[in-house]
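This structure is a prediction, so every number in the text was calculated from the model and none was measured.
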Amino acid sequence: MAVQKFVKKTVRLLELERQAEIEETRLLQDQVSPKELQRRGVCLLKLGVAEQSVGLYGRSLLTLRPGHAGGAKELPSHTFTPGDIVGLTPSSEARPGATQVSGVVSYVTTAAISVAFDESIDVLSLDGDALYNIVKLANDVTYKRLKRALKDLETYEHTCSSHLVQVLFGEAELSSPLTQLTFPGTTSAGAIDWCNTSLNESQREAVQFALRQRDVSVIHGPPGTGKTTAVVEIITQAVKQKLKVLATAPSNVAVDNLVERLAGYGIHAIRLGHPARLQEGIKRFSLDALLAGSDGAKIVQDVRKDMTKTLSQMRKCRGKAGEYQALRQEMKHLRKELREREEKASMEILAGADVVLATNTGASPAGPLKLLPRKHFDFVVIDECAQALEVSCWITLQYAGRCVLAGDHLQLPPTIISHKAAAQGLNVSLMERVIGLHGDQIVRMLTTQYRMHSDIMAWPSAELYKGKLVAHESVASHLLCDLPPVEENEDTALPLLLVDTTGCDLWEMDVPADQSKGNKGEADLTRTHVERLIQSGVCQEDIAVISPYNLQVELLRQHLSSKYPRLEIKSVDGFQGREKEAVVISLVRSNENREVGFLAEDRRINVAITRARRHLAVICDSETVSHHKFLSSLMGYMSTHGEVRSAHQYSNESEVTVSADYSNVPVNVHRKQASKEASGSTQTQEPKTTKNGDVTAEVKEEVQPSVDVGQMEKKETSDEPKREPLYQKQQDSEAIQNEQKAKDPTVELEQDGSIQTSESVGGIKPKRKRNRNRNKNKISQENNTLSDNNTESNQKQTITTEKDETETLTSNFVTCEHCGKELPKPNLELHTMHCKRVAELKGKLHAASAPKEKLQAAPKQPSSSQENKRRPKSRKKKQTVDEREDESDDLDALLARVVKEDHSCHYQRCKNSVATVGQFCVHCHKLYCLSHHIPEVHGCGDDAHAEARARLSKDTIVEGKLYAGSQKKLKPEKRAYLQRKLDKKLTDMEEKRQPKRPSEN
């Protein structure tokens, strides 16, 4: 049978998953040092016991703080949160396999962490003067409950949910729906008195459908469509029908959200679970809190007072073994009495509740629900079902014969550690499998979304939801600038922004294949964009920074968390179910092999995109990610409906180094070294107009010894037949660009019609440069090829083939204020920057030729014997100068002369060739031979010293050493680490110190 087959397969896959989790934890704890574990945030070392008490409704509570006297007053950075299962170990016994005491994190502050332990653990036996380590543990309780659920499923024939089990496994037909709904106390049968009158049409249809189904119904809720609102209405209407409801979800956050919503309608709801795992505002609905306020609370309170008194006596007689054991035995009896009285009161409270809420595993029969009869519940609701393991859903489904499954199977599936188990089907959720089994006859989809701007919504709607999503009018056009404190500018008035790093050499970090990925350049760009949003008035709490990779999340936290502590930075998996006004996404992947890794998971990208309400910014290498079909569709959509910016446009605001200008970098110098300085120089100098005003004719006039190399690279990149989807909108400007080329043959055009310049800015896609080192012969050959290709006949032919397209675009033209040319609006910013650059370069050319002319015009006075010999040569030189002045407009002659001069060392009176071997100075942007490349030698010593001082002032710590004179403060966690290291060194020195022996007489 299908049930037995499912149970057998799932048991095997669960074992694989369990072994993978145990192995991961073991490797982490055995092969990684405790200090490294603390650096990763999963361990806290050398904590002292600050307080021991009875709290959390009878549980033992231990509060720990940094243990060194005079040491750090705050905990180092970590990832511990309330509800985490942790192990407590004495620091002196910290070793692989050491005995650990297991507890649950109760609360966390910057200076202390509190851990709750079961009554079976005697925390008072811990040495109050010793130091302890706490580390995150794998939860084996969950696997025990999952295995028990599978065991119970094998005997489903004897349960109240037997027919439902057969339906969900395809062994029985769906029952016919109810013809009318019955609400006790009302006169009109079938009429629904809506508790939430603001429900839209699709939500009301889904609620009615769920209440009429006899077996199973599925509520498919895409992002922002009010799925939880519909689920709460279903539960409320079921309570009106006098049905007992059990509502569960895979996470504590989702359950707490349901509790909070139901409390607003006056529903008598009880929340099961450890109080330490509940949100502060939800704890009053917990079973423990209700027990404290029940009729038997007085007796329970007396028992707790006795427990507190006994604890006090145990502290005082810790050194007396006999008396201590007697008090410990008395404490055990008091706990037993407390448990019996609480179980009796618990049964009364649970029986009187309308709705009981818990996590899927928290609804296990091993918990408080064992006190209720097995047929107590009439209706089961599982929220976020698509994120839960199917086997965890069967823990809940065994309590009733009707169920509602709510979620979105097109978002992230359950998290599986074992790749083998996931590949064999463990990550397939119950909701996804049932929809595949029964189809649309059990599904109702919510179609009106209340979260995203219509432009943000349109792409996921078209790609995943068959275009059915509709943006409610209240959110269809809302933007960041509509928020009260936010000013309107180029960032806050955009719903969609794509920051493209293609061609900027912002490669992902080279890490082992089994580790997470990171990209420092994208982290810098993300920081810059977030700072721009905050400076525009956007609150930190309204911004989310998301990345699919944990390593990138850590890099982003290092860049942003200290300055913006309220900014939320998480992985995509950790942000599912959430939303923010503005979302900035770093996709990380940028490599020459075009590998996208698990970005190929379409559902993960769907989650990331749909977290944003008013503003979505995606930072990525479009050339890399576009090699995946789904991501290529996203790039094409954002380039069409949003704004595209190159990373070069952020280079002056961020510390990221992009290869914006290679004009002064020789073949044998790495371009990253000078990219930032070169790009900065183009922004500070004033552009100079040319003689005839046609600045586009000066594209070739860049002062660089590797001009030929740049031309050859342009030739190579133009041979690529594939057109990237991100820049398809640039096709609209091909005809007019070809017309410009026909007017001025000196303008180099790529085969796709785009103007190729030395900078890649604006929305034009920068070409990726490769094979940077080339020999001179190949360079000269490519120059000849390029000059032959720039013929006027080819340009006329191109204009003829695209004449019709040009006529349709004339209404979108604007005039450049620098050169007076007409061009499409999308190209205005690119063309303006290009004009400034070309004008500046021509100014450099004239400045380079002027000193030589002056020198030749006033030669030294020769001796009388040599005057006659030199006079003809002087006339010849003067004639040459005049010819040069007459031919100053000859572009090719100017280029040839400048290239020749740049192949020589720029040091005065040095004529060594630097065409093959030379060093580039990042301060004066000139080439020098190996004898004069040192800044102090050729005159840039002051600039080099200033840069070194600035770098030293900025980077306060290098390789663990603190440099004097820095004005930057240490991070609290780094200061704590250094303090602990110093304390340990002092302690070791004290232990090694020996007292002086008395001198022998």
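- Looking at P495 and L479, their side chains come closer than 4.5 Å, going by heavy atoms from C-beta outward.
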Taking it one step at a time, do H615 and L533 satisfy side chain to side chain contact (heavy atoms under 4.5 Å, CB included)?
-> CA-CA 10 Å; H615 176 79; L533 292 179; 4.1 Å; yes
Please assess E17 against I417 for the test side chain to side chain contact (heavy atoms under 4.5 Å, CB included), listing each intermediate value before the final yes or no.
-> CA-CA 6 Å; E17 175 69 3; I417 297 177; 3.6 Å; yes
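- The pair E260-R271 does not meet the salt-bridge criterion, since no charged nitrogen lies less than 4.0 angstrom from a carboxylate oxygen.
- Side-chain atoms of S454 come within 3.5 Å of backbone atoms of A476 as a donor-acceptor pair (strictly under, hydrogens ignored).
- A distance-only check finds no donor-acceptor pair linking the side chain of D215 to the backbone of H163 [under 3.5 Å].
- For E579 and R611, the salt-bridge test fails: no basic side-chain N is under 4.0 Å from an acidic carboxylate O.
- Checked by atom type and distance alone, the side chain of S461 never pairs as donor or acceptor with a backbone atom of M457 at under 3.5 Å.
- A salt bridge is absent between K580 and E541: the closest approach of a Lys/Arg side-chain nitrogen to an acidic carboxylate oxygen does not fall below 4.0 angstrom.
- With no hydrogens or angles considered, a side-chain donor-acceptor pair links E463 and S633 at under 3.5 Å.
- The side-chain heavy atoms of D440 and I435, taken from C-beta on, include no pair separated by under 4.5 Å.
- No donor-acceptor distance shorter than 3.5 angstrom exists from the side chain of R613 to the backbone of E581, with no hydrogens or angles considered.
- The structure places CD of Q387 at 4.5 Å from CD of E384, a figure rounded to the nearest 0.5 Å.
- Just one residue in the list T228, T229, T236 forms a side-chain hydrogen bond (donor to acceptor under 3.5 Å, both in side chains) with R261, and that residue is T229.
- The line from CG of L480 to CG of D542 is 8.5 Å long, rounded to the nearest 0.5 Å.
- Checked by atom type, the side-chain pair S286/D288 shows no donor-acceptor distance below 3.5 Å.
- Taking the charged nitrogens against the carboxylate oxygens, D383 and K227 do have a contact shorter than 4.0 Å, which makes a salt bridge.
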Under the side chain to side chain contact (heavy atoms under 4.5 Å, CB included) rule, what do T359 and S251 come out as? Steps first, then yes or no, please.
-> CA-CA 6 Å; T359 59; S251 66; over 6 Å; no
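- Looking only at distances, no side-chain donor or acceptor of R614 sits under 3.5 Å from a matching main-chain atom of T492.
- Annotation: W459 is not in aromatic contact with Y465 [ring centroid separation under 6.0 Å not met].
- Here the shortest heavy-atom pairing between C195 and Q237 reads N-NE2, 3.7 Å.
- Taking each heavy atom of P414 and A386 in turn, the nearest pair found is CD-O, 3.6 Å.
- Residues meeting the side-chain contact (heavy atoms from CB on, under 4.5 Å) test with R444, sequence neighbours left out: E205, A206, F209.
- Summarising the geometry of L168 relative to R433, their closest heavy-atom pair is O-NH1, 3.0 Å, with the distance given to 0.1 Å.
- Between E233 and R204, no side-chain nitrogen of the basic residue sits less than 4.0 Å from a carboxylate oxygen of the acidic one, so the salt-bridge criterion is not met.
- Side-chain contact between F285 and L290 is absent, with no heavy-atom pair separated by less than 4.5 Å.
- The 12-atom threshold is not exceeded at CD of E173, counting heavy atoms of other residues, nucleotides or ligands nearer than 6.0 Å.
- With contacts defined as side-chain heavy-atom distances shorter than 4.5 Å, the pair T610/M452 qualifies.
- Of the possible polar contacts, none joining the K468 side chain to the T448 backbone as a donor-acceptor pair under 3.5 Å is found.
- Judged by distance alone, with hydrogens and angles left aside, the side-chain atoms of Q203 form a donor-acceptor pair with the main-chain N or O of T225 at under 3.5 Å.
- Within the model, atoms CD of Q411 and CD1 of I605 stand 13.0 Å from one another, a figure rounded to the nearest 0.5 Å.
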Audit row: W194, Y265, ring pair (Phe, Tyr, Trp, His ring centres under 6.0 Å) steps and yes/no | CA-CA 11 Å; W194 300 103; Y265 293 106; over 10 Å; no
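- With contacts defined as side-chain heavy-atom distances shorter than 4.5 Å, the pair H453/V475 does not qualify.
- The distance from the OG1 atom of T142 to the CG atom of L389 is 10.0 Å, given to the nearest 0.5 Å.
- Of the inter-residue distances, the one linking F575 atom CZ with I546 atom CD1 reads 5.0 Å to the nearest 0.5 angstrom.
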Verify side chain to side chain contact (heavy atoms under 4.5 Å, CB included) between I219 and I234, making sure each step is shown before the conclusion.
-> CA-CA 11 Å; I219 308 301; I234 293 172; 4.2 Å; yes
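- I382 is listed as a side-chain neighbour of L397, based on a closest heavy-atom distance under 4.5 Å.
- Although no hydrogens or angles enter the test, the distance criterion places a donor-acceptor pair under 3.5 Å between the side chain of R214 and the main chain of S176.
- The CG atom of L272 sits 11.0 Å away from atom OG1 of T248, with the distance rounded to the nearest 0.5 Å.
- The backbone N or O of S364 sits nowhere less than 3.5 Å from a side-chain atom of K370 that would complete a donor-acceptor pair.
- Checked against a 6.0 Å centroid threshold, the rings of H220 and H409 count as neighbours.
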Side chain to side chain donor-acceptor pair (under 3.5 Å) evaluation trace for D573 with S571 | CA-CA 5 Å; D573 301 59; S571 64; 4.6 Å; no
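- Ring orientation note: the planes of F377 and Y399 are nearly perpendicular, at an angle over 60° on the 30°/60° scale.
- The closest side-chain heavy-atom distance from P368 to L350 is below 4.5 Å.
- The backbone N or O of A544 sits nowhere less than 3.5 Å from a side-chain atom of E568 that would complete a donor-acceptor pair.
- The shortest non-hydrogen separation linking S202 to L446 is O-CD2, 3.6 Å.
- In terms of heavy-atom proximity, V356 sits nearest to A353 at CG2-CB, 4.3 Å.
- Looking only at side-chain heavy atoms (C-beta outward), P548 and V572 come within less than 4.5 Å of each other.
- Taking each heavy atom of L211 and L181 in turn, the nearest pair found is O-CD2, 3.5 Å.
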